[in-house]
Visitor: 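Quick one: structure below, then a few questions.
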There are 4 protein chains.
Amino acid sequence: MKPRDENKVNEIYAATLQLVKENGLSGITMSMIARKAGFATGTVYIYFENKEQLIVQLFEKCFRNYAQDYFAGFDPSAPFKVAFHTIWMNMVKHSTAKFNELIFIEQCFHSPFISEETRKTSKEMLKPWLDLIEKGKNEKLIKQLETPWLMIYIRGPVREMIKYAEYNKVKISKELIDNMFEMCWNGIRA
Amino acid sequence: MKPRDENKVNEIYAATLQLVKENGLSGITMSMIARKAGFATGTVYIYFENKEQLIVQLFEKCFRNYAQDYFAGFDPSAPFKVAFHTIWMNMVKHSTAKFNELIFIEQCFHSPFISEETRKTSKEMLKPWLDLIEKGKNEKLIKQLETPWLMIYIRGPVREMIKYAEYNKVKISKELIDNMFEMCWNGIRA
Amino acid sequence: MKPRDENKVNEIYAATLQLVKENGLSGITMSMIARKAGFATGTVYIYFENKEQLIVQLFEKCFRNYAQDYFAGFDPSAPFKVAFHTIWMNMVKHSTAKFNELIFIEQCFHSPFISEETRKTSKEMLKPWLDLIEKGKNEKLIKQLETPWLMIYIRGPVREMIKYAEYNKVKISKELIDNMFEMCWNGIRA
Amino acid sequence: MKPRDENKVNEIYAATLQLVKENGLSGITMSMIARKAGFATGTVYIYFENKEQLIVQLFEKCFRNYAQDYFAGFDPSAPFKVAFHTIWMNMVKHSTAKFNELIFIEQCFHSPFISEETRKTSKEMLKPWLDLIEKGKNEKLIKQLETPWLMIYIRGPVREMIKYAEYNKVKISKELIDNMFEMCWNGIRA
DNA sequence: GATGAATGAGCCTTCATTCAT
DNA sequence: CATGAATGAAGGCTCATTCAT
């Protein structure tokens, strides 16, 4: 007997992400996904109940990756700027390495697939990042602004930088990253 | 496909934008658009050749609005920071007032509807903004970074701020805007 | 504007009945139905929400026809044997004229389409027939057996006769009908 | 397709009959059959070439059972009424004990699975029953009607009685059977 | 022009059948 | 043999588009 090849799930995910980046959520079909992943349409239905489930589960996986990557090597007890730098760099790395996922998540947020609830629980995964910002505020190292606005202020430039680089096929240099980090820091510092 | 009754065209546009915000590009149909706009499916085809044309033309219109709004009251000969502030405020106003269009443009960028060419010509509309940044660099008022990165650095936080406010149904206070502007400025100042 | 052609519903019904007689419920597809009725597949979906609804609604219509035809010209106050003969003849006429419907109903009874409830309410339509039998029992004209068994005893031969005639392409003569009626009557008479 | 393990074949048959009774021919799939029979889908294909063969062979088996059961203990040389009673009782017993098969045969008659030929050869198995009726006619004990109509007249009430009992979960009493037999006899007697 | 019924290509999904294990 | 994952043709259904009114 041929056992259920759990690797196929990942191949389906990869195909989906690639296609969504290229064509948007509105431009993909189950047969496109199957073809890109290298098997028959019906096979996808062995691993996913239907298209919606595939999208939802991939969304959740992407969001988990996202939260996880953000906090790689993150030490909440480190000095604020060090910890902040760690997460900022993780953002850049994650967004670059998993650009497909970034785009996929963005497209999903305006789709009929993702429920309000999924959206909310997803955001809760970023709690440590929120906590860190609050710590920075408490230590008077950064502006006394409501935390979400500070988080947003950071995410915005990073996300746009990666998008620009991807769309225009530009490399992001070490120098640019340093510059960008400095700009972000100058923006929020007290 | 006779865009005579400019009024009807706008109703179709409005319905489309609303629906895309709610359901994403993947969640809209021509009949949904027609129903929301208040007439029969066939009527849409009097004003637009097909779905793609509707999307493309709306995209172009949105981008024109975008560029236009950015430069409302903009005086290139004004002192840099004044001009910069004008445009920054225009970004905020435009994104807030026409949030639907922001989302629509974003969704279109990853859709089969918008050609590479359309994307590029669209961006050219923002030339004055680019020129302004370069002027700021020449005057040594802001960082000597390649212009696109500076533009991006500004757009990012603004866009994210508006999205956050919309999704979380939060009002953006005058004070927040001032704070955000200051942060953006601190980020890019020389 | 082309108004919804309610006649199409009947054409769809007719096509379905014909196809079910020929191939059974398991042998029909929506496109077969559409083709036989003479229009495109999608058209069927203008008149029926889905396949199940089509089947269910046709079932209900057939059962209404059935009940109605049974009681054509039926006078409950007529002498028992006269009234009994009226209904018996109606059974024969209905089953012959609407053989398709007879088969369709039979197939539906063992299908996933018809709910237990529909089955039950359908049967209630035959109340007058039940009442008549009871009247006959009260008047001691027929056997003192529980009513359902008497009803069944009558329906059985009629149904089988019609089926046999249809399947073997045999005409049912006036004489045969008289003979059959007499046999049925002799069976139940007191 | 090696009907070696006759036991497994019977389990497949039993599962199929049960499912067809519950869902009709249109409501069964090969995997449903396999699951109900307690093994994997592929296993069914070891014993049957394909779905059609499974249905056809089961049909033939059911029809053989049917004919066989009808003539259990039947002595053609016995007095007519005795022999007639034997077969009539066999009908009742068979239909009750193998109600699944009755329904299955009925559904098959209107399916794409059973060929015209299979239908005909099946009927020939009932020859002794036909002969008996003719004997009764020759002996002037029953009505001088064409034999098929007499056969039908008998089968009809029996079949309907069993169906009614099954669908309404009613027990058939010894008394009812006697009554029914008497009615059938009174119907056909000369 | 406006309407919405009609069309049929194409998408999602199922399921009979095959095949690697 | 037995298994159930894999296959892909075919069915149910949708929806962009057309067309009769």
Side-chain angles (χ1 to χ4, degrees), chain A residues 1-6 8 26-35 37-55, chain B residues 1-2 4-5 8 26-35 37-55, chain C residues 1-6 8 26-35 37-55, chain D residues 1-2 4-5 8 26-35 37-55:
Chain A
M1 187 208 51
K2 181 188 290 182
R4 216 168 141 120
D5 180 357
E6 285 308 326
K8 286 218 167 63
S26 62
I28 58 167
T29 69
M30 290 299 264
S31 63
M32 281 168 78
I33 293 170
R35 202 179 318 122
F39 23 75
T41 315
T43 308
V44 179
Y45 286 86
I46 295 170
Y47 296 92
F48 296 94
E49 207 174 333
N50 53 36
K51 191 180 184 180
E52 178 168 358
Q53 281 305 304
L54 163 52
I55 301 290
Chain B
M1 36 174 162
K2 290 197 163 160
R4 264 186 212 170
D5 189 342
K8 282 220 172 65
S26 62
I28 59 166
T29 68
M30 290 299 264
S31 64
M32 281 168 79
I33 293 170
R35 201 180 318 124
F39 23 75
T41 315
T43 309
V44 178
Y45 284 85
I46 295 167
Y47 297 96
F48 296 94
E49 204 173 339
N50 54 37
K51 191 179 184 181
E52 179 169 358
Q53 281 306 304
L54 163 53
I55 301 290
Chain C
M1 188 209 52
K2 182 187 291 181
R4 215 169 142 119
D5 181 356
E6 284 308 326
K8 285 218 168 64
S26 62
I28 59 167
T29 68
M30 289 300 263
S31 64
M32 281 168 79
I33 293 170
R35 202 179 318 122
F39 23 76
T41 316
T43 307
V44 179
Y45 286 87
I46 295 171
Y47 295 92
F48 297 94
E49 208 175 332
N50 54 39
K51 190 180 183 179
E52 178 169 358
Q53 280 305 305
L54 164 51
I55 301 290
Chain D
M1 38 178 158
K2 290 199 167 160
R4 262 186 213 169
D5 188 342
K8 282 221 172 64
S26 62
I28 59 167
T29 69
M30 290 299 264
S31 63
M32 280 167 80
I33 292 170
R35 201 179 319 122
F39 23 76
T41 314
T43 309
V44 178
Y45 285 86
I46 295 167
Y47 298 96
F48 296 94
E49 203 173 340
N50 54 37
K51 191 179 185 181
E52 180 169 356
Q53 281 307 304
L54 163 53
I55 301 290

Visitor: Round to a whole Å and report the spacing from CD of Gln53(C) to P of dT14(F).
Guide: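 Checked: the CD to P distance equals 13 Å.
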Visitor: Run the side-chain hydrogen bond (donor to acceptor under 3.5 Å, both in side chains) test against Glu52(D) and tell me which residues pass, sequence neighbours left out.
Guide: none
Visitor: Measure the distance from CD1 on Ile46(A) to P on dG8(F) and round it to the nearest whole Å.
Guide: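 It works out to 12 Å between those atoms.
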Visitor: What nucleic acid atoms does Tyr47(A) come within less than 4.0 Å of, heavy atoms only: base, sugar-phosphate, or nothing?
Guide: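 Result for Tyr47(A) = sugar-phosphate.
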Visitor: For DNA chain F, whose closest nucleotide is more 5', that of Val44(D) or that of Thr43(A)?
Guide: Val44(D)
Visitor: Can you name the nearest heavy-atom pair linking Met30(A) to Asn50(A), along with the distance?
Guide: CE-C, 4.2 Å
Visitor: Checking contacts here: which listed nucleotide (dT7(E), dT3(F), dT3(E)) is nearest the side-chain heavy atoms of Ala40(C)?
Guide: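 Nearest listed nucleotide: dT7(E).
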Visitor: Do Tyr47(A) and Asp5(A) have side-chain heavy atoms sitting under 4.5 Å apart?
Guide: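 In short, these two side chains touch, coming nearer than 4.5 Å.
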Visitor: Got a donor-acceptor contact below 3.5 angstrom from the Arg4(C) side chain to the Ile46(C) backbone?
Guide: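 A pair under 3.5 Å: yes.
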Visitor: Measure the spacing between OG of Ser26(D) and CD1 of Ile28(C) and express it to the nearest 0.5 Å.
Guide: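 That separation rounds to 8.0 Å.
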Visitor: Enter the distance from Tyr45(C):OH to Lys51(C):NZ here, rounded to the nearest 0.5 Å.
Guide: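 Result: 8.0 Å between the selected atoms.
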Visitor: Between C1' on dA2(E) and CZ on Arg35(B), what's the gap in Å once rounded to a whole number?
Guide: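 After rounding, the gap between these two atoms is 17 Å.
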Visitor: Scan nucleotides 15-19 of chain F against the protein and return all N/O pairs shorter than 3.5 Å with their distances rounded to 0.1 Å.
Guide:
unit_1: dA16(F); atom_1: OP1; unit_2: Lys51(B); atom_2: NZ; d: 3.0
unit_1: dA16(F); atom_1: OP2; unit_2: Met30(B); atom_2: N; d: 2.5
unit_1: dT17(F); atom_1: OP2; unit_2: Tyr45(B); atom_2: OH; d: 3.0
unit_1: dT17(F); atom_1: OP2; unit_2: Lys51(B); atom_2: N; d: 2.7

Visitor: Let me have DNA chain F in dot-bracket notation, would you? Count Watson-Crick plus G-U wobble pairs, both distances under 3.5 Å, and use [ ] for pairs crossing earlier ones and | for inter-strand partners.
Guide: .||||||||||||||||||||
Visitor: Nearest whole angstrom, please: distance from the P of dG8(E) to the CZ of Phe39(C).
Guide: 12 Å
Visitor: Is the count of non-hydrogen atoms from other residues, nucleotides or ligands lying under 6.0 Å from Glu49(A) atom CD greater than 12?
Guide: no
Visitor: What distance separates Ile55(A) CD1 from Ile33(A) CD1, expressed to the nearest 0.5 Å?
Guide: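 Interatomic distance, Ile55(A) CD1 to Ile33(A) CD1, rounded to 0.5 Å: 6.0 Å.
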Visitor: What distance separates Met32(B) CE from Thr41(B) OG1, expressed to the nearest 0.5 Å?
Guide: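 Going from CE on Met32(B) over to OG1 on Thr41(B), the span is 12.0 Å.
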Visitor: Could you tell me how far apart Asp5(D) (CG) and dA2(F) (C1') are, to the nearest whole angstrom?
Guide: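 Distance, rounded to whole Å: 12 Å.
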Visitor: Phosphate oxygens OP1/OP2 of dA6(F): is one of them under 4.0 Å from a side-chain N or O of Lys8(A)?
Guide: yes
